[in-house]
Amino acid sequence: MTKQEAAAALRHYAVLLELLGEDPFRARAFENAARMLEMQPESLDVLIAENRLSAIRGIGKGVAAAICDLNSRGTFAELEEARQGVPSGVIELLRVEGLGPKKARALWKDAKVTSLAALENAIEAGLIERLSGFGAKTAQKFRTGLAFLKSTSGRHWRHHAARAAEALQESLKDMAGIREVFFGGSLRRGNETVGDLHVLIVADTGQTDTVRAGILALSCVSWSETGSGLRGESASAFPIELSVVTLDEAGARKILATGSEEHVRALKEVAASKGFSLDPQESGNVLRTESEEQVYAALGLAYVPPPLREGNNSVFAVGSRAFPDAVRLEQIRGILHCHTTASDGHHALRELAAAMIERGYEYLGVADHSQSAAYAHGLTPERVRAQWCEIDELNKELAPFRILKGTEVDILPDGRLDFDDELLAGFDFVAASIHSGFNMSEEDATARLCRALENPQVDILGHPTGRLLLERNGYPVNHRRLIDCAARHGKAIEMNCSPHRLDLDWHFLASAESRHVPVPLCPDAHHIEGLWDIRWGVEVAAKGPLTAANCPSTWSADEFLEWCASHA
DNA sequence: GCCGTTTTCGGCCCGACTGTTTTCAGTCG
């Protein structure tokens with residue numbers, strides 16, 4: 001078991017304790033222990049082998065024993081007991097925004113609400129607002145929260161989809177008769193969230209039936225029904241739609257499996273007008289080709305990169321338009337916006353730098369939280385200056401690698417910043433973000449963000465809407481005005497690459513590009529693995545597309561600093 | 001449950017915001 005998995009189990013236990021109404025400080029002790037465990041540089045195996053768990057602050061005898069049990073048998077006695085005591089639907093209730101453990105427990109105990117469906121019924125029946133401690137506004141808030149959950153139902157975070165795809169690929173790698181394992185759908189198109197994994201298995205000639213039988217026999221996927229294709233669920237409960245296809249139909253089938261619906265519909269119309277059919281399962285003059293490129297060419301159309309296949313307006317005749325190249329992962333030279341143990345990160349500066357040097361990156365832009373973010377142990381001006389000294393020392397040691405002195409300074413409710421201009425001037429770069437006071441009108445939120453961008457010390461606007469994909473929408477922002485403002489003041493807007501955010505929304509990348517508003521790909525990393533979240537940003541940014549030239553992450557440190565100085 | 005101590009109990013990250021109350025509890029970042 002990894003540290004992260006053990007920490008997740010400890011957190012889950014803490015939630016169960018709260019739902020069971022047990023001592024909240026006991027619950028917090030497990031949460032705290034989970035956080036401290038994650039921050040250890042060593043692996044769980046090493047910590048256990050060297051008997052060092054209880055030496056970690058926040059982990060005593062009891063939690064250490066629980067962690068050892070987790071590592072050896074995947075659970076611990078108290079966790080199992082707590083699980084028995086809480087209906088699984090009650091845990092689901094916590095997904096509703098504004099509904100925490102105390103209210104979930106009250107709903108469960110006082111109103112017998114033990115599922116999201118039961119909550120919806122209770123709201124509509126007017127039962128919620130009659131409960132002690134609840135009122136009409138709370139009921140309305142839950143109604144809104146439930147509607148949001150419904151709107152995202154069946155969608156999954158991109159990184160979970162990629163993980164499920166990699167696991168399936170791995171389980172198929174030694175199967176005979178397979179020429180290619182192809183993943184289409186939103187995963188291939190670079191969307192922020194993914195519904196099903198759309199998989200095509202291109203079989204060698206004459207091997208279709210054998211391959212299909214082999215896939216049905218896979219132990220890592222449970223196939224629920226079999227028609228012309230297969231429908232199943234991965235070990236991680238990810239929904240899969242899979243078809244085994246022959247080489248001569250692969251080109252068209254890949255296009256159909258990739259989508260989007262609108263793009264495919266537009267292609268089908270062009271095909272029909274030329275007397276062709278795209279779908280091998282339909283009658284007519286079916287286009288039989290091995291590659292997608294051949295299909296577009298046969299229709300007299302320019303090949304459309306998968307991320308651009310949204311809507312029906314990306315279909316062009318050959319030569320009538322060229323699609324710009326999107327930034328590629330290997331073009332990224334530096335990573336901006338990372339947190340260290342100085343605020344709420346899990347690794348020290350030196351560890352982050354070492355991980356980046358190992359992967360061949362040139363610079364790291366640290367951006368810890370500012371003082372008003374107390375929950376995240378935000379830095380005071382004194383602690384900022386101490387960090388600068390640490391960076392100076394590290395830079396001498398690690399050259400030519402460079403650590404840039406940055407901050408993710410809070411944008412206060414009125415648009416002022418959480419540090420004074422004199423301190424801000426001492427940073428190499430300043431990213432400014434909103435972390436509190438989300439309840440704003442679009443007008444207020446846009447004005448607050450613009451005021452921050454107008455400050456000459458600010459270089460980059462962080463996660464512009466504060467959204468958490470599949471969890472909350474964030475505050476409403478007028479992106480057009482925001483991009484105008486950034487363009488006027490020569491500022492950048494980050495695409496936050498955390499797979500939970502991917503904010504700036506890709507729909508606005510083209511507008512940023514045309515207004516020459518740079519868009520750095522920022523992982524907002526809180527641990528070493530989080531640094532590589534830039535991958536998700538690269539994949540989604542291809543939908544703009546965001547070009548390398550307009551992405552400061554592809555610039556050298558000197559080019560980036562020169563740009564920062566240009567508007568100070 | 002963990003920690004620290006004027007050791008075996010008392011306090012635990014912290015402030016803003018919101019809604020239900022009418023002084024405070026719950027949620028969130």
Side-chain angles (χ1 to χ4, degrees), chain A residues 9-11 13-37 39 53-67 69 76-79 82 93-107 110 128-145 339 341-345 368-380 383 408-414 418 433-440 444 448 462-463 465-468 471-475 496 498 500-501 503 524 526:
Chain A
L10 295 177
R11 285 204 178 89
Y13 180 59
V15 168
L16 292 173
L17 286 178
E18 288 191 88
L19 289 170
L20 287 165
E22 304 224 359
D23 178 10
F25 290 109
R26 191 157 162 256
R28 190 185 293 180
F30 277 89
E31 260 171 49
N32 194 32
R35 198 173 67 243
M36 297 308 286
L37 179 63
M39 285 172 71
L53 278 177
S54 43
I56 298 167
R57 200 184 149 77
I59 298 181
K61 258 189 184 169
V63 179
I67 295 172
D69 277 359
F76 54 98
E78 298 95 319
L79 174 62
L93 297 179
L94 298 173
R95 294 172 56 210
V96 179
E97 202 181 350
L99 206 170
K102 295 276 168 55
K103 286 210 151 54
R105 179 173 166 78
L107 289 167
D110 301 343
I128 297 301
E129 49 209 87
R130 292 210 290 273
L131 289 174
S132 161
F134 293 70
K137 288 191 175 174
T138 302
Q140 182 51 40
K141 198 171 180 182
F142 290 173
R143 191 178 281 126
T144 309
H339 297 268
T341 44
S343 64
D344 58 348
D368 274 314
H369 289 285
S370 59
Q371 52 194 349
S372 79
Y375 66 91
H377 201 218
L379 275 64
T380 59
R383 295 182 59 222
E408 185 185 19
V409 64
D410 256 62
I411 302 174
L412 302 173
D414 61 0
D418 193 26
S433 313
I434 289 179
H435 292 104
S436 58
F438 276 36
N439 199 359
M440 297 173 279
D444 290 346
R448 182 174 171 188
H463 45 70
T465 73
R467 75 179 182 185
L468 289 177
E471 288 175 29
R472 66 164 192 233
N473 279 328
Y475 38 82
N496 190 294
S498 159
H500 297 266
R501 293 187 184 271
D503 176 23
D524 197 356
H526 287 73

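Because only heavy atoms are used, hydrogens play no part in the values below, and waters and symmetry mates are left out as well, while side chains stay in. Numbered from 1 within each chain, the chains take letters A, B, ... in sequence-line order.
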Do any N or O atoms from the side chain of D410(A) and from the backbone of S372(A) form a donor-acceptor pair under 3.5 angstrom? no

The side chain of [X] lies closest to which of these nucleotides: [options]?
X: R57(A); options: dG4(B), dC2(B), dG26(B); answer: dG4(B)
X: P413(A); options: dT27(B), dC28(B), dC17(B); answer: dC17(B)
X: K137(A); options: dT20(B), dG1(B), dC3(B); answer: dT20(B)

Can you work out whether K61(A) or G135(A) has the more 5'-proximal nearest nucleotide on DNA chain B? K61(A)

On DNA chain B, more 5' by nearest nucleotide between G62(A) and S436(A) is G62(A)

[X] [atom1] to [N] [atom2], straight-line distance once rounded to whole Å:
X: I59(A); N: dG1(B); atom1: CD1; atom2: P; answer: 15 Å
X: L93(A); N: dG26(B); atom1: CG; atom2: P; answer: 16 Å
X: Q371(A); N: dA16(B); atom1: CD; atom2: P; answer: 13 Å
X: I434(A); N: dC28(B); atom1: CD1; atom2: P; answer: 19 Å
X: K102(A); N: dG19(B); atom1: NZ; atom2: C1'; answer: 16 Å
X: L94(A); N: dG26(B); atom1: CG; atom2: C1'; answer: 13 Å
X: L131(A); N: dG19(B); atom1: CG; atom2: C1'; answer: 15 Å
X: M440(A); N: dA16(B); atom1: CE; atom2: P; answer: 16 Å

By side-chain hydrogen bond (donor to acceptor under 3.5 Å, both in side chains), which residues pair with [X], not counting sequence neighbours?
X: H369(A); answer: D344(A)
X: R11(A); answer: E38(A)
X: N439(A); answer: none

Which is true for [X] with a 4.0 Å heavy-atom rule: it touches a base, it touches only sugar-phosphate, or it touches nothing?
X: T138(A); result: sugar-phosphate
X: K141(A); result: nothing
X: I56(A); result: sugar-phosphate
X: F30(A); result: sugar-phosphate

Distance check, [atom1] atoms only: [N] and [M], in whole angstrom units.
N: dT23(B); M: dC28(B); atom1: P; answer: 26 Å
N: dC17(B); M: dG11(B); atom1: P; answer: 29 Å
N: dC3(B); M: dC13(B); atom1: P; answer: 12 Å
N: dT6(B); M: dG1(B); atom1: P; answer: 25 Å
N: dG26(B); M: dT21(B); atom1: C1'; answer: 13 Å
N: dC14(B); M: dT20(B); atom1: P; answer: 28 Å
N: dA25(B); M: dC12(B); atom1: P; answer: 16 Å

G-U wobble or Watson-Crick pairing nucleotide for dG15(B) (cut-off 3.5 Å, both distances): dC28(B)

Name the atoms and distances for all side-chain donor-acceptor pairs under 3.5 Å in residues 97-104 of chain A, with sequence neighbours left out.
none

Mind checking what makes ring-ring contact (aromatic ring centres under 6.0 Å, His included) contact with F30(A), not counting sequence neighbours? Y13(A)

For nucleotides 10-15 of chain B, which of its nitrogen or oxygen atoms have a protein nitrogen or oxygen under 3.5 Å away, and what is each distance?
from    : atom 1 : to     : atom 2 : distance (Å)
dC13(B) : OP1    : R28(A) : NH1    : 2.8

Just so I know, are the side chains of L107(A) and L131(A) near enough to count as touching, which here means a heavy-atom distance under 4.5 Å? yes

Validation row: E408(A), D368(A) side chains within 4.5 angstrom (heavy atoms): no

Return the CZ to OG distance between F438(A) and S436(A), rounded to the nearest 0.5 Å. 7.5 Å

